[in-house]
There are 2 protein chains.
Amino acid sequence: MATVSIKEVAARAGVSPGTVSNVLNRPAKVAPGTRERVRRAIHELGFVRHGSASTLRAGHSRTVGLSVIDIGNPFFTEIAAGVEEMASERGYAVILGNSAGSRTKEERNLRVLAEQRVRGVLITPSDQDLARLDRLRERGISVVLVDHPGHRPDQCAVAVDDVAGGRAAVAHLLAGGARHVAYVTGPLTIRQCAERRQGALAALEAAGLDPDRLEIVETAAMTARAGERAAGDLLRDGLPEAIFCANDLLALGVLRTLLQAGVRVPDDVALMGYDDIDFAAASAVSLSSMRQPTHQLGRTATELLLDECDNPGTHAHQHIMFQAELVARESTR
Amino acid sequence: MATVSIKEVAARAGVSPGTVSNVLNRPAKVAPGTRERVRRAIHELGFVRHGSASTLRAGHSRTVGLSVIDIGNPFFTEIAAGVEEMASERGYAVILGNSAGSRTKEERNLRVLAEQRVRGVLITPSDQDLARLDRLRERGISVVLVDHPGHRPDQCAVAVDDVAGGRAAVAHLLAGGARHVAYVTGPLTIRQCAERRQGALAALEAAGLDPDRLEIVETAAMTARAGERAAGDLLRDGLPEAIFCANDLLALGVLRTLLQAGVRVPDDVALMGYDDIDFAAASAVSLSSMRQPTHQLGRTATELLLDECDNPGTHAHQHIMFQAELVARESTR
DNA sequence: CGGAGAAGGTAAAACGTTCTACTGGTGAGG
DNA sequence: CCTCACCAGTAGAACGTTTTACCTTCTCCG
């Protein structure tokens, strides 16, 4: 209640409000003695700057928005952690929006972000139609795409190379001696699933094998339960020598079902996941996987965004593509 | 850039800015015809209210702060999802802070929240010293404790009964025929760990067993790796008939080590976790666990907070205690 | 017919900062 | 001695809303 303003600080330090503002924002402009006096007054009165007043007058805030598809998925959570870390280092606050896969919810979130006059928005787009992001940019809100290649030159984007990741995964399985490989995947309308498949095909071709021999098992969701069902299908129709799953949750489900059926992993079937979530290393047979630099993804995206905000003149838009890293564990040994 | 203000809307609709404000905040006060005219103008101009100006003048914002200990832990992530959902329904934005277990980082986050003049703060406190929260309240910022019993009558709190949870878990193990039980736990300075242990002891007493027979294995962290080490100790010193772990990550580590050593679960040793994270059901032997209503925890805490903000007169502070639910799976069958 | 009260609206003063233009004062260069 | 530049700081006008006090009309009722 007893909210203390810059004026009271000024009065106590015997200066004008403008000088207090300078101490806060451009300390070098103020003589050392005065600066100290003001700082002491701030401390004694417990003054906290009113962010809204500052935003209103200065024309920009010290907040960024983060809109993700599913905050419950460890992949996005780690991105969020990276974003929060970098933003916090730079003195920015993060406003979180969870679109839960719903386009209308995403739009509502973007609207709230626009009202809050965030400096910029980090978004993992819920679909391929990015036109609504232009309306944000028209308002002077920078946008950085996360986990999306970002085909346009007028915006930054940060992603992981899913084609290369899929290729590396399947190449690893082939190097282990497998010739017949199955790909257990979520809906191929999901960009990540489709690109990892493309990589898998490339790996087969590079090894001089017929790409048509890649057996595709497409599931409705990317969950452990869906993986169990997919493994059931494979058991019925005849097992391949190796299975590549589009994410670790699918792989965990496959693994569980195979083990229960008495199939030995990796002796009978080699298995790879994707994402390298924490639990991949903790499963009964530890799971080989493709590690993505999620934390780094969040940090870098935030860095690009803040650079775009702070140096609008010199900022060059970038599309940064990270590489996934193969982590070999028992399931492919 | 072309930021359109309430004045331009007013001009286009042929009314005063005050009327536009009324349409926005108290539509009932405006004649239907005028209201429609203003709404159309808003739509045509693409007007978006300037949240900061609104906050500045009205004296309160439409944002709440959320400070959690570890955004990477699924337990907190699910809470965050619940918070975001409820806040979004009520038109509030959520500002996220991750304290990462560091007290100084938590304080920095709270400071940022104070600057943003959030309406209230939801916090899973990083330690037991809650004095710093009083300073927020002095500023008129409501505080609700999350996953903390909240012993004080002047604030709301939402938690899950860890004593009862620990009791139920061990009672379940005893009902399965075990007499010698081990408790694998993180640091007992963590409130949750200590209270679950207390519940475990109560269950032993209730069954007429000597509480001293509860073998305590305390680890430095609550991770799968720590669980592996703890299981190693147990294998060396002699296995109990049942193991209760303070969380699922520990339990997954224990499970993995036991299976590798050829121990059959649950035939040789029964095993229980806590939290019922998604992966509990997906492990090689599916894991029995205590399910906590995390999503609900987040929703309820937010509801209490917004109630406190919106009805400061009639609001009664509450301490809500949820109960954990036993989920029996293969590991205790 | 007079007055009270409601309905629908307006004008203008806040809210707490930041920023621009300005004022003295001081020292260096010509 | 004059000018110019610079330093340190000030006064006061913004920024875009909300809110208060106030002004007209109308309607209703005794």
Side-chain angles (χ1 to χ4, degrees), chain A residues 1-39 41-42 45-63 91 112 114-119 139-140, chain B residues 1-39 41-42 45-63 91 112 114-119 139-140:
Chain A
M1 285 293 101
T3 170
V4 28
S5 87
I6 216 175
K7 255 180 228 171
E8 301 165 56
V9 173
R12 172 175 268 244
V15 296
S16 76
T19 300
V20 177
S21 176
N22 278 334
V23 171
L24 256 29
N25 302 306
R26 283 172 299 277
K29 292 264 163 220
V30 179
T34 323
R35 200 193 303 153
E36 261 326 294
R37 214 153 15 99
V38 171
R39 290 230 168 100
I42 287 177
L45 295 174
F47 165 79
V48 174
R49 184 207 342 243
H50 196 307
S52 294
S54 170
T55 296
L56 173 58
R57 173 61 238 224
H60 56 255
S61 68
R62 290 188 79 71
T63 57
V112 170
E115 275 205 9
Q116 296 301 323
R117 294 300 197 270
V118 292
R119 198 73 186 274
R139 293 215 157 75
Chain B
M1 287 293 101
T3 170
V4 28
S5 85
I6 216 175
K7 257 180 226 171
E8 301 165 55
V9 173
R12 172 174 266 245
V15 296
S16 76
T19 299
V20 178
S21 175
N22 278 334
V23 171
L24 256 29
N25 303 304
R26 285 174 297 277
K29 293 264 163 219
V30 179
T34 322
R35 200 192 302 152
E36 262 327 294
R37 213 152 17 100
V38 171
R39 291 232 167 99
I42 287 177
L45 294 174
F47 166 79
V48 174
R49 187 215 330 252
H50 196 307
S52 293
S54 168
T55 296
L56 174 58
R57 172 62 237 223
H60 56 256
S61 68
R62 290 187 80 73
T63 57
V112 169
E115 276 205 10
Q116 296 300 322
R117 294 301 197 270
V118 292
R119 198 73 186 275
R139 292 214 158 75

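Chain letters run A, B, ... following the sequence lines, proteins first, then strands; residues in each count from 1.
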Test log, rule side-chain contact (heavy atoms from CB on, under 4.5 Å), inputs B:Thr34 and B:Val15: CA-CA 8 Å; B:Thr34 322; B:Val15 296; 3.6 Å; yes

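- Rounded to a whole Å, the NZ atom of A:Lys29 is 15 Å from the C1' atom of C:dT18.
- Residues A:Pro27 and A:Asn25 share a closest heavy-atom pair of CD-C, 3.6 Å.
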With the sugar-phosphate defined as primed atoms, P, OP1 and OP2, and the base as all remaining atoms, what B/S/- string results for nucleotides 12-17 of chain C, 5' to 3', for protein heavy atoms under 4.0 Å? -BBBBB

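- For the pair A:Arg35 CZ and D:dG9 P, the computed distance is 10 Å after rounding to whole Å.
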Can you list, pair by pair, the side-chain donor-acceptor contacts under 3.5 Å of residues 51-59 of chain A, counting residues two or more places apart and other chains?
residue: A:Thr55; atom: OG1; partner: A:Gly51; partner atom: O; Å: 2.9

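- Summary for the helix from C:dC1-D:dG30 to C:dG30-D:dC1: the axes at its two ends, each from 5 pairs, differ by 40° when rounded to the nearest 10 degrees.
- Put simply, CD1 on B:Ile6 and CG on B:Leu24 are 5.5 Å apart, with the number rounded to the nearest 0.5 Å.
- Between A:Ala13 and A:Ala41, the closest heavy-atom pair is CB-CB, 4.0 Å.
- Residue A:Val20 is classed as having no contact, given no heavy-atom separation below 4.0 Å to the nucleic acid.
- The line from CZ of A:Arg12 to CG of A:Leu45 is 4.5 Å long, rounded to the nearest 0.5 Å.
- Atom P of nucleotide C:dG8 and atom CZ of B:Arg37 are separated by 13 Å, given to the nearest angstrom.
- Distances shorter than 4.0 Å separate some side-chain N or O of A:Thr19 from OP1 or OP2 on D:dT10.
- Residue contacts for A:Val15: at a heavy-atom cut-off of 4.0 Å it reaches the sugar-phosphate backbone alone, with no base atom in range.
- Atoms CZ and CZ, on A:Arg139 and A:Arg117 in that order, are 7.0 Å from each other to the nearest 0.5 Å.
- Whole-Å rounding puts the B:Arg62 CZ to D:dT18 C1' distance at 14 Å.
- Computed from coordinates, the B:Asn22 CG to D:dT17 P distance equals 14 Å when rounded to whole Å.
- Taking CZ of A:Arg49 as the reference point, atom CD1 of A:Ile42 lies at 9.0 Å (rounded to 0.5 Å).
- Heavy atoms only, all atoms of each residue included: A:Phe47 and A:Val4 are closest at CD1-O, 3.2 Å.
- Contact between the side-chain N/O atoms of A:Thr34 and the OP1/OP2 oxygens of D:dG9 is found at a separation under 4.0 Å.
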